[in-house]
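Here the structure comes first, spelled out in structure tokens, and everything after it is commentary.
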Number of protein chains: 2
Amino acid sequence: MLDKATAIVDCFRPDGGAFRLTELAARSGLTKTTAFRLCGDLVRLGWLERQGDVYRLGGKLFELGSLVPRRHDLRETALPFLQDLFEATHETVHLGVREGHEVVYIERIHGHDAVRLPSRIGGRLPLTCTGVGKALLAFSGPELTEEVLAAPLPSLTPHSITDPDRLRTAVEQAQVSGLAYEEQEAALGVSCIAAPVFDGSVAVAALSVAVPRGRFQPAQLAPAVRTAALGLSRALRSRA
Amino acid sequence: MLDKATAIVDCFRPDGGAFRLTELAARSGLTKTTAFRLCGDLVRLGWLERQGDVYRLGGKLFELGSLVPRRHDLRETALPFLQDLFEATHETVHLGVREGHEVVYIERIHGHDAVRLPSRIGGRLPLTCTGVGKALLAFSGPELTEEVLAAPLPSLTPHSITDPDRLRTAVEQAQVSGLAYEEQEAALGVSCIAAPVFDGSVAVAALSVAVPRGRFQPAQLAPAVRTAALGLSRALRSRA
DNA sequence: AAAATATGTTCCGTGACACGGAACAGCGAC
DNA sequence: GTCGCTGTTCCGTGTCACGGAACATATTTT
């Protein structure tokens, strides 16, 4: 029963749209009757909302999601540094953590002329296709790198790195420079520079700046990104 | 069964801490056995996480919470304006919507020297104790105002308005000026100025700047707050 | 040392209640 | 009109969630 309810709610990932009963039943693999009864319960409990004949995710999820401890705490101490970084660059700023072979974005701030990116708060992308991901990968121990390299490398654009050797050198470069770069590997026309954030000696997060390819000037962005990452690392250590 | 699971998850509101099994069972009113089995299932499904003997809210909730449509969309179009406002003031900026007689905060951005406030993203506060709440109250129709005035007014600090007459005049002032003020009514030492955000003719949200009482200069903040609110209202209308 | 009181965990018999097929009701299309 | 599609209700069957009791283990009390 919990499994079935979860199956229904999971239908809304990753796009969070609105679905009709029949579609929910089909996606979740449940009987229409069961889906009907379950959706009714979920609405009653606040997990879903219903408008007319379509269901959406409910406000309770938003409230609970904001409370998830690791995410909330990290976001809270990181925000001032992300603001600094945004103010220095006026470009889209990301904060992400690793989960398995993917990066989960904790925060994403941008101005009026935001670049088009597949990254969303709470969204997941492959480690190997993003600046944040590569920064995390480079400082999460060699075992993880080998694991990731052993599996086939996913790609989001024609520029995504699919050659293990190229990725290995990219990771090594990130390890020596403390900065990870990404060029149109997650979205066409967007480049990115990222830096890892440490809590002690392990990378717990990474932050990045994503810039339209036309005005991407790594030399100018690098100091700002590095400064923000170091400042946040420091703040995390003193928080512990 | 869904009810019981919800009861467990709801134990984490509003503080999102970490609980042991026995405490969860007590808070949710369930048998220890039932709580045990349910928590196991919830962990398996990602709703909760377990470290040693304590349970926390799980990453799935964060990911799903970020997808809740109304919240996500509003936040996304509002963010650039909130950034403008933050950059202009360098004070804590809020964005909130109304839910019943409370305000739910959608976004809250701040710098290094953040004021101490009970507001949290996803958190709820009484309409009558906050700038955002008063701005929403002033532009949500007279029926709501009467409803709120009819009930006893909650208070968060000794400065919170508990006199219906005082509140009524405050709301009327907000209606004519288009700005709502709050002085130490939500937290001691913090003042606040807020403006409603419209989508068409109804207020769908409100944004505010919270400032330590010492350096609160409404005359300087008012234009910035008003500008941001108007800009956002415009953006929402063109989005529709 | 032993007894007492916590904790989390397992077992199991009972009974409630979730399940899904079938049937119904309302709507729009062709 | 009929067909196909919604969402919804009904109900008999069988499952699986339930919670008391017993267990294992750690920490505190006597």
Side-chain angles (χ1 to χ4, degrees), chain A residues 1-62 64 67-71 73 240, chain B residues 1-62 64 67-71 73 240:
Chain A
M1 158 122 211
L2 270 186
D3 302 67
K4 311 203 182 197
T6 303
I8 287 188
V9 176
D10 276 339
C11 293
F12 293 90
R13 279 198 296 191
D15 40 298
F19 299 107
R20 316 193 48 145
L21 178 62
T22 308
E23 192 167 2
L24 276 179
R27 289 190 176 226
S28 58
L30 301 175
T31 313
K32 204 166 54 160
T33 307
T34 305
F36 173 68
R37 187 168 10 87
L38 237 42
C39 284
D41 289 343
L42 289 170
V43 168
R44 177 175 50 85
L45 294 167
W47 299 104
L48 294 183
E49 286 173 5
R50 178 174 181 168
Q51 293 171 355
D53 277 345
V54 302
Y55 295 89
R56 303 173 202 274
L57 295 176
K60 181 200 279 283
L61 274 168
F62 176 79
L64 284 169
L67 291 174
V68 177
R70 307 200 172 189
R71 309 298 155 83
D73 301 346
Chain B
M1 156 118 211
L2 271 186
D3 302 67
K4 310 201 183 199
T6 303
I8 287 189
V9 175
D10 277 339
C11 293
F12 293 90
R13 279 197 297 190
D15 39 299
F19 299 107
R20 316 193 46 144
L21 177 63
T22 308
E23 193 167 2
L24 276 179
R27 288 189 176 228
S28 59
L30 301 176
T31 314
K32 204 165 55 162
T33 307
T34 303
F36 173 69
R37 186 168 12 87
L38 237 43
C39 284
D41 289 344
L42 289 171
V43 167
R44 177 175 51 85
L45 295 169
W47 299 105
L48 295 183
E49 286 173 4
R50 178 174 180 170
Q51 294 171 354
D53 278 345
V54 302
Y55 296 88
R56 302 172 202 277
L57 295 176
K60 181 199 280 283
L61 274 167
F62 176 79
L64 285 170
L67 292 174
V68 177
R70 309 201 169 187
R71 309 299 156 84
D73 301 346

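Chain letters run A, B, ... following the sequence lines, proteins first and then strands; every chain starts at 1. None of the values given here were measured: they were computed from a predicted structure.
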Would you kindly compare Leu21(A) and Leu38(B) by the position of their nearest DNA chain D nucleotide and give the one closer to the 5′ end? Leu21(A)
If only side-chain N and O atoms of Thr34(B) are considered, is one of them under 4.0 Å from the OP1 or OP2 phosphate oxygen of dG19(D)? yes
Between dA25(C) (P) and Asp53(A) (CG): distance, integer Å: 18 Å
In whole Å, what is the span from the CD atom of Glu23(A) to the C1' atom of dG7(D)? 15 Å
Nearest-Å distance for atom pair CG/P, residues Leu2(A) and dA17(D): 8 Å
Without decimals, in angstroms, what is the distance between Leu30(A) CG and dT8(D) P? 16 Å
So for Lys32(A) and dG7(D), does any side-chain atom that can act as donor or acceptor lie under 3.5 Å from a complementary atom in the base? yes
Identify whether any heavy atom of Thr33(A) sits under 4.0 Å from a base atom; if not, whether one sits that close to sugar-phosphate; answer base, sugar-phosphate or nothing. base
Nearest to the side chain of Tyr55(A), heavy atoms from C-beta on, is which of dT8(D), dG21(C), dA18(C)? dT8(D)
Do Arg44(A) and Leu2(B) come close enough that some side-chain heavy atom pair is under 4.5 Å? no
Side-chain atoms of Met1(A) come closest, of dG19(D), dA18(C), dG7(D), to dA18(C)
Could you tell me how far apart Arg37(B) (CZ) and dA17(D) (P) are, to the nearest whole angstrom? 7 Å
Output the rounded distance in Å from NZ (Lys4(A)) to P (dC17(C)). 17 Å
If you take all heavy atoms of Arg27(A) and Cys11(A), which pair is closest and at what distance? CB-SG, 3.5 Å
Mind checking Arg20(A) for me? I need base, sugar-phosphate or nothing, with any heavy atom below 4.0 Å counting as a touch. sugar-phosphate
Could you tell me if the side chain of Leu38(A) sits less than 4.5 Å from the side chain of Met1(A), heavy atoms only? yes
Separation of Phe36(B) atom CZ from dA17(D) atom P, in whole Å? 14 Å
Gap separating the CG atom of Leu48(B) from the CZ atom of Phe19(B), nearest 0.5 angstrom: 11.0 Å
Thr22(A) vs dG7(D): side-chain N/O to OP1/OP2 distance below 4.0 Å: yes
Set out, in order, the CA-CA distance, both residues' side-chain angles and the distance that settles side chain to side chain contact (heavy atoms under 4.5 Å, CB included) for Leu61(B) and Phe12(B), then state yes or no. CA-CA 12 Å; Leu61(B) 274 167; Phe12(B) 293 90; over 6 Å; no
